[in-house]
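Read the structure below first, then the notes.
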Amino acid sequence: MPELPEVETTLKGIEPYVLNQTIKYCLVKQRQLRWLVDAHFPQKVQDRKVCALKRRGKYLVFALEHGRSFLIHLGMSGSLRVCEPGLGYRKHDHVIFTLNSNVHLRFHDPRRFGSVVWCDCAVDEHPLIRSLGVEPLGQEFHGEYLYQRARRRTTAIKNFIMNARVVVGVGNIYANEALFMAGIHPKRPANRISLLRMSQLANAIQIILKEAIAEGGTTLKDFVNSKNEPGYFSQKLRVYGKAGSSCQECGSLLKFLCLGQRSTVYCAVCQT
DNA sequence: CTGTTAACCTGAGTGC
DNA sequence: TGCACTCAGGTTAACA
């Protein structure tokens, strides 16, 4: 579920409950996530106050007192919920934080592609963070940046913009949507796109992501308390999951292909 | 260095 | 009901 807008929605949802709270207790029910959870993770976070909550790419960064921090990544199926301690655990509640305010923050992740990682160094130096590319909504992300990074890169543009070493946070749904908006064929080699079209692509990525954030993401509108209510952006999808139906611009049938093992939908007329 | 593929997991949905 | 199969929002390691 989580691409950048979903992670941002999660952050905003849990922030009021987590910020400036001390972690009273931490319970790890399942260590085997994407990375094995540090055996001493609970004692490392215990009695530490959460001073700041940030996002870097799709990682949530919990900054603690004394310059320490930990990371949570939601993977494909992860979510974070705030609830009363008395509420029964669900099957895939893997890590539970009891806060000073006596509420629970629970990390739930059926597929266990997510991660909960203690960070022993400065966050920016951490191996999972160090080599990440620019933030798509930041100042450094623009057509010129994409164009320069794409020199001598023959890989398909869709793979290129989904590469977190280039730009973070662009997952499969929004890559499909942005390429449609920019009128670029997903398989076009990255080094065969003009500066002008790269600028259109950078703009499209920013527009799509901002729109999705404003709508609370595509999935799970309310990450904090709830039920799996769809984010309203799902109603605005133009191509993702719509192979075989007609293009809203030209009416021809949207096509499907597999690119980098990910489903790809595009309009063969509008996208070249 | 670049590019591609397999792998990590569970659950929902489909067809027989 | 049950079984076999496909697919799903991510990322890295290991290869050529």
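Per chain, numbering begins at 1; letters A, B, ... match sequence-line order.
For A:Arg153, the side-chain atoms get nearest to B:dG3 when compared with the rest of B:dC9, B:dG3, C:dG10. Side chain of A:Arg111, nearest nucleotide from B:dT4, C:dG10, B:dT10: B:dT10. Here the nucleotide nearest the side chain of A:Gln261, chosen from B:dA6, C:dG10, B:dG11, is B:dA6. Comparing C:dG10, C:dA8, B:dG3 against the side chain of A:Thr154 picks out B:dG3 as the nearest. Set against C:dT12, B:dG11, B:dC9, the side chain of A:Tyr59 has C:dT12 as its closest nucleotide. Between C:dG10, C:dT12, B:dC9, one nucleotide has an atom nearer to the side chain of A:Trp35 than all others, and that is C:dT12. Closest to the A:Lys91 side chain, of the nucleotides C:dT11, B:dG11, C:dA8, is B:dG11.
A:Asn163 places its CG atom 12 Å from the P atom of B:dT4, with the value rounded to the nearest Å. In this entry the distance linking CG of A:Leu74 with P of B:dC8 reads 22 Å, nearest Å. As rounded to whole Å, 13 Å separates atom P of C:dT12 from atom CZ of A:Arg262. Taking atom CG of residue A:Asn159 and atom C1' of nucleotide B:dT4, one finds them 9 Å apart after rounding to whole Å. Look at NE2 on A:His108: it is 13 Å from P on B:dT10, rounded to the nearest Å. Put simply, CG on A:Asp109 is 13 Å from C1' on C:dT11, counting in whole angstrom units. Between the CD1 atom of A:Ile157 and the P atom of B:dG3 there is a distance of 11 Å, given to the nearest Å. Put simply, CG on A:Leu4 is 16 Å from C1' on C:dT11, counting in whole angstrom units.
Residue side chain A:Phe113 fails the stacking definition with respect to C:dT11, as its ring centre and the base's six-membered ring centre are not both under 5.5 angstrom apart and under 30 degrees in plane angle.
Taking atom C1' on both B:dG11 and C:dT12, the two are 23 Å apart, rounded to the nearest angstrom.
By the 30° and 60° cut-offs, the orientation of the rings of A:Phe62 relative to A:Phe70 is parallel. The aromatic rings of A:His104 and A:Tyr89 sit parallel, their planes meeting at an angle under 30°, below the 60° perpendicular limit.
Within the cation-pi definition used here (under 6.0 Å to the ring centroid, within 45° of the axis), A:Arg151 qualifies as a partner of A:Tyr147.
Remark: A:Glu135 engages A:Arg55 in a salt bridge, criterion side-chain N to carboxylate O under 4.0 Å.
Residue-level contact check: A:Tyr240 touches the backbone only, with heavy atoms under 4.0 Å from sugar-phosphate atoms and none from bases.
The nearest heavy atom of DNA chain C to A:Phe256 and to A:Arg34 marks one nucleotide each, and the one closer to the 5' end goes with A:Phe256.
Between A:Ser77 and the phosphate of C:dA8, there is no side-chain N or O to OP1/OP2 separation shorter than 4.0 Å. Between A:His73 and the phosphate of C:dT11, there is a side-chain N or O to OP1/OP2 separation shorter than 4.0 Å. OP1 or OP2 of B:dG11 has at least one side-chain nitrogen or oxygen of A:His92 nearer than 4.0 Å.
Considering A:Gln261, A:Lys158, A:Glu177, A:Glu3 as possible partners of A:Asn172, the one that fulfils the side chain to side chain donor-acceptor pair (under 3.5 Å) test is A:Lys158.
Using N1 to N3 plus N6-O4 or O6-N4 for Watson-Crick, or N1-O2 and O6-N3 for G-U wobble, each under 3.5 Å, C:dC15 pairs with B:dG3.
A:Val265 and A:Ile184 sit in two unconnected hydrophobic clusters of ILVMFWY residues. Membership requires side-chain heavy atoms under 4.5 Å apart, directly or through other members.
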